[in-house]
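Read through the structure below, which is laid out as structure tokens, and then see the notes.
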Amino acid sequence: MCSDSASPTPPVEGQDYEFDALRRAHGGDPKPPNFVLHRDGKVIGVCLGLAWHPRAEATPGEVWVGRKGDQAKWGVKLAETKGPLPVYVRRHAGGRWHYLGLHEVTGQTTDPAQIRPRLQPPKIVAVAQVVFLRKLPPQA
């Protein structure tokens with residue numbers, strides 16, 4: 001995905017990447033939170049570890065936004081994002097990031113009644129918001 005040339009090659013659906021390489025390729029700022037690739041205060045991609053986002057590969061995909069630090073603020077920004085977003089998942093702790101393709105935000109919820117069934121104590125206990133994603137058809 002990253003090359004030595006001035007313009008990085010686009011990610012290939014189904015391929016795996018190192019986090020720093022994919023962040024650099026998309027031009028993302030090297031600052032948390034890492035579940036969103038971001039630049040200049042805007043969300044430009046999504047990186048979801050399945051340990052924290054177990055429905056990331058579902059239809060629709062789900063981003064479970066936490067309450068820690070700036071996560072909730074970036075969850076709001078993600079929910080407001082228009083247009084295609086590259087989505088990556090890490091299936092195993094410490095593993096590489098698997099490119100799922102381009103997705104778009106289709107909705108979100110902060111309703112405690114909808115969030116409560118998604119909690120998985122003792123690990124996932126503080127979800128502020130769920131953002132829903134739809135996979136876009138491949139571009140020609």
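Computed over heavy atoms, backbone and side chain alike; hydrogens, waters and symmetry mates excluded. Counting from 1, the numbers follow the sequence of the chain as shown.
V105 and V87 fall within the same hydrophobic cluster, defined by Ile, Leu, Val, Met, Phe, Trp and Tyr side-chain heavy atoms under 4.5 Å apart, directly or through other members. Hydrophobic clustering places I44 together with Y88 (ILVMFWY residues linked when any side-chain heavy atoms are closer than 4.5 Å, directly or through intermediates).
One distance of note links OG1 of T81 with CD of E104; it measures 11.5 Å at 0.5 Å rounding. Atom-to-atom distance recorded for N34:CG and R90:CZ is 9.0 Å, nearest 0.5 angstrom. Atoms CD and CD, from Q114 and Q108 in turn, are 9.5 Å apart once rounded to the nearest 0.5 Å.
Remark: the backbone N or O of K31 is paired with a side-chain donor or acceptor of H38 at under 3.5 angstrom. With hydrogens and angles disregarded, a donor-acceptor distance shorter than 3.5 Å links the side chain of R96 to the backbone of D16. Within the 3.5 Å criterion, the main-chain N or O of G27 finds a donor-acceptor partner in the side chain of R39.
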Worksheet item: Would K135 and E13 count as a side-chain contact (heavy atoms from CB on, under 4.5 Å) if you check the C-alpha gap in whole Å, the side-chain angles of each, and the deciding distance to 0.1 Å?
Response: CA-CA 12 Å; K135 186 171 187 318; E13 193 169 328; 2.6 Å; yes
Worksheet item: Do E62 and R118 pass the salt bridge (Lys or Arg N to Asp or Glu O under 4.0 Å) test, and can you show the C-alpha distance, the side-chain angles, and the key distance before you say yes or no?
Response: CA-CA 10 Å; E62 294 185 7; R118 290 169 167 85; 2.8 Å; yes
Worksheet item: Checking side-chain contact (heavy atoms from CB on, under 4.5 Å) for the pair V63/L48: CA distance, chi angles, key distance, verdict?
Response: CA-CA 7 Å; V63 180; L48 306 170; 3.8 Å; yes
Item to complete: Walk me through it: do L37 and C47 pass the test side-chain contact (heavy atoms from CB on, under 4.5 Å)?
Response: CA-CA 7 Å; L37 297 171; C47 291; 4.0 Å; yes
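F35 and G75 get closest at one heavy-atom pair: CZ-N, 4.0 Å. The minimum heavy-atom distance between K123 and A51, with the atom names listed, is NZ-CB, 3.0 Å. Here the closest non-hydrogen pair linking I115 and A128 is CD1-O, 3.5 Å. The two atoms that bring Q71 and V65 nearest to each other are O-CG1, 3.2 Å, heavy atoms only.
For the side-chain contact (heavy atoms from CB on, under 4.5 Å) criterion with W64, the lone passing option out of V131, L119, I124 is I124.
Between V89 and L100 the shortest side-chain heavy-atom distance falls below 4.5 Å. Between E57 and R91 there is a side-chain heavy-atom pair separated by less than 4.5 Å. Proximity of V43 to L85: side-chain heavy atoms (C-beta onward) are separated by under 4.5 Å at one or more points. Side-chain contact between P11 and H26 is present, with at least one heavy-atom pair separated by less than 4.5 Å. Residues L22 and E18 have side chains not in contact (no heavy-atom distance under 4.5 Å, counting atoms from C-beta outward). Taking 4.5 Å as the limit, every side-chain heavy atom of L133 sits out of range of all side-chain heavy atoms of P60.
Ring geometry for Y17 against Y99 counts as perpendicular: the plane angle is over 60°, on a 0 to 90° scale with 30° as the lower cut. Using the six-membered ring where Trp is involved, F19 and W97 have ring planes that are tilted, between 30° and 60° apart.
For K82, the NZ atom counts as loosely surrounded, since its 6.0 Å shell holds 12 or fewer non-hydrogen atoms of other residues, nucleotides or ligands.
Under the 6.0 Å cut-off for aromatic ring centres, F132 and H103 do not qualify, their centroids lying 6.0 Å or more apart.
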